[in-house]
Participant: 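Here it is, the structure in full.
Order of the sequence lines fixes the chain letters, A, B, ..., with proteins taken first and strands second; residue numbering starts at 1 for each chain.
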Protein chains: 2
Amino acid sequence: MEIDRASPVPPYRQIAAFLRAAILRGDFAPGSRLPGVEQTVQEWGVARTTARKALAAVRDEGWSFASVGLGYYVAPQEQWPQT
Amino acid sequence: MEIDRASPVPPYRQIAAFLRAAILRGDFAPGSRLPGVEQTVQEWGVARTTARKALAAVRDEGWSFASVGLGYYVAPQEQWPQT
DNA sequence: TGAAATTTGTGCGTATGTATT
DNA sequence: GAATACATACGCACAAATTTC
């Protein structure tokens, strides 16, 4: 959970990449809940905007889905990209 | 170029939908330049954030690409979604 | 019934970095 | 170096959906 501020990869993409990798590793099973905006802010030490952008990127790519009032959840594997 | 503020469809999606339709109609040929952030702000009367979100959505879906210092351009038709 | 708490969605403002011309 | 234009980050406020009490 450490941002590499020296990296050319922007923080929001570092976080998104971490989440994708964690999902692929199985750290978060399909249907299980993912860290939300607040938790991401706390764990990574970034602004809400940055946390939201990371979570939205993962969602928009099909790895997860979100529901207002509930949070972010890992998408069914059938909806994952590429595969 | 009028936002329907009464619509449940948020402004940034209204703008994105307009751009997609314009591209599909051929109003903007592949390779030609699209309105940028500033122009979108002026034409639609929205904030920069909203304009950027609309342009980013169209780009992320594959309809266009962007280059720093240059602007947004219609993507080659081969890169368009679905088709 | 409904009020509060939680959480995502959207919009607006601002500043800085970076690539291109 | 200057001008242009996209990319990213941070902050704030309110809307909408869901759950809980």
Side-chain angles (χ1 to χ4, degrees), chain A residues 1-20 23 28 30-76 79, chain B residues 1-20 23 28 30-76 79:
Chain A
M1 326 302 207
E2 274 273 317
I3 296 291
D4 180 0
R5 297 281 176 176
S7 167
V9 179
Y12 88 92
R13 285 201 203 165
Q14 292 184 38
I15 298 172
F18 176 90
L19 287 173
R20 279 191 299 265
I23 291 171
F28 299 103
S32 67
R33 189 165 182 196
L34 287 168
V37 175
E38 282 310 315
Q39 198 175 338
T40 302
V41 167
Q42 299 298 324
E43 290 180 351
W44 293 82
V46 293
R48 296 179 93 124
T49 319
T50 304
R52 291 218 76 251
K53 207 169 175 184
L55 299 180
V58 173
R59 180 202 58 198
D60 291 346
E61 289 168 9
W63 300 102
S64 64
F65 61 93
S67 181
V68 177
L70 291 178
Y72 291 86
Y73 295 84
V74 179
Q79 298 178 19
Chain B
M1 325 300 208
E2 275 274 317
I3 297 291
D4 180 1
R5 298 281 177 176
S7 167
V9 179
Y12 88 92
R13 284 200 203 166
Q14 292 185 37
I15 298 173
F18 176 89
L19 288 174
R20 278 191 298 266
I23 290 171
F28 299 103
S32 68
R33 189 166 181 193
L34 287 167
V37 175
E38 281 310 315
Q39 198 175 336
T40 302
V41 167
Q42 299 298 323
E43 290 179 352
W44 293 83
V46 293
R48 293 178 80 112
T49 318
T50 306
R52 290 216 77 254
K53 208 169 173 183
L55 299 179
V58 174
R59 180 202 58 196
D60 291 346
E61 289 169 8
W63 300 103
S64 64
F65 60 92
S67 181
V68 178
L70 292 177
Y72 291 87
Y73 295 83
V74 179
Q79 298 178 21

Participant: Nearest heavy atom decides the nucleotide; on that basis, is Val68(A) or Pro10(A) closer to the 5' end of DNA chain D?
Facilitator: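 On the 5' side of the pair lies Pro10(A).
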
Participant: What's the CG-C1' distance between Leu70(A) and dT7(C), to the nearest Å?
Facilitator: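 One finds 8 Å between C1' of dT7(C) and CG of Leu70(A), rounded.
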
Participant: Can you sort out the partners of Val68(A) under side chain to side chain contact (heavy atoms under 4.5 Å, CB included), two or more places apart, ordered by chain and number?
Facilitator: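 None.
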
Participant: Taking only heavy atoms on the protein side, list every residue of residues 44-55 of chain A lying under 4.0 Å from any atom of DNA chain C, sorted numerically.
Facilitator: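 Nucleic-acid contacts, sorted: Arg52(A).
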
Participant: Tell me: CD of Glu38(A) to P of dT8(C), nearest whole Å?
Facilitator: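 Result: 8 Å.
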
Participant: How far apart are the closest heavy atoms of Ala16(B) and Ala54(B), and which atoms are they?
Facilitator: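 Looking at all heavy atoms of both residues, the shortest contact is CB-O, 4.0 Å.
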
Participant: How close do Met1(A) and Phe18(A) get, heavy atom to heavy atom, and via which atoms?
Facilitator: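 Smallest interatomic distance, heavy atoms only, reads SD-CZ, 3.8 Å.
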
Participant: Walking along DNA chain D from 5' to 3', note the first and the last nucleotide with an atom under 4.0 Å from a heavy atom of chain B, and give both.
Facilitator: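 Range of nucleotides touched by chain B: dT4(D) to dT8(D).
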
Participant: State, to 0.1 Å, how close Ala51(B) and Val46(B) come at their nearest heavy-atom pair, and which atoms those are.
Facilitator: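 Result for this residue pair: N-CG2, 4.1 Å.
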
Participant: What are the two closest non-hydrogen atoms of Arg5(B) and Gly45(B), and how far apart are they?
Facilitator: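 Minimum heavy-atom contact is NH2-O, 3.7 Å.
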
Participant: Can you check whether Asp4(A)'s main-chain N or O pairs, donor with acceptor, with Gln14(A)'s side chain at less than 3.5 Å?
Facilitator: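 Yes, Gln14(A) side chain to Asp4(A) backbone: donor-acceptor pair under 3.5 Å.
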
Participant: Measure the acute angle between the ring planes of Phe65(A) and Tyr73(A), then classify it against the limits of 30° and 60° as parallel, tilted or perpendicular.
Facilitator: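 Rings of Phe65(A) and Tyr73(A): parallel, as their planes differ by under 30°.
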
Participant: What's the shortest heavy-atom distance between Val37(B) and Leu55(B), and which atoms?
Facilitator: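 Where Val37(B) meets Leu55(B) most closely, the heavy atoms are N-CD1, 3.5 Å.
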
